[in-house]
Amino acid sequence: MKNIVSLKVQCPHCLTSLMDYDNKLNGYPSIKLNIVTPDDRGVIYICSLYECFDHSADIDIDDNTIVDFYCPNCNKQLQVKEECTICNAPMAFFVLNAGGRVNICSRKGCSNHYVSFSDLSTELIKFYNQFGD
Ligand SMILES: [Zn+2]
Ligand SMILES: [Zn+2]
């Protein structure tokens with residue numbers, strides 16, 4: 001069976017943990033972010049399991065809407081100068097506690113997201129040692 005890995009992420013600007021231990025998704029702490037859509041603003045909880053796309057938000061988000069993600073602590077936008085290779089929406093990113101970063105597409109309904117490491121082999125070993133079961 002595949003390892004279930006719960007990602008622990010931080011804000012790339014203020015390095016505060018984005019993990020919410022009170023609002024779990026699939027039994028694991030969620031990643032809590034402030035969001036802004038063209039018609040509303042709210043809070044989203046994203047599942048922290050690697051390769052899981054579950055999330056819940058306190059506002060309705062229409063499919064294909066591009067959502068802006070903000071750090072709940074410093075309120076800076078979590079956006080990279082990079083476009084989704086599938087739908088061309090801006091990508092948002094978090095920093096992994098274990099090193100490397102997680103990029104996610106900001107368009108609702110697009111499942112593009114990936115983890116990138118500066119040095120894949122050593123970072124992956126660290127990653128699984130720290131978070132793998
Ligand atoms: Zn921050
Ligand atoms: Zn996309």
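Both ligands and their constituent atoms are indexed starting at 1 by order of listing.
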Polar side-chain atom of Ser17 near backbone of Met19 as donor-acceptor pair, under 3.5 Å: yes
Using modelled atom types and a 3.5 Å cut-off, is there a donor and acceptor pairing between side-chain atoms of His13 and backbone atoms of Gln77? yes
Hey, does Phe69 have a side-chain heavy atom less than 4.5 Å from the side chain of Val36? no
Side-chain donor-acceptor contact under 3.5 Å, Thr37 with Thr65: no
Vertex the Zn ion (ligand 2), arms to Cys84 SG and Cys110 SG, rounded to 10°: 110°
The Zn ion (ligand 1) as vertex, arms to SG of Cys14 and SG of Cys71: angle to 10°? 110°
Do you see an N/O/S atom of Cys74, backbone or side chain, under 2.8 Å from the Zn ion (ligand 1)? yes
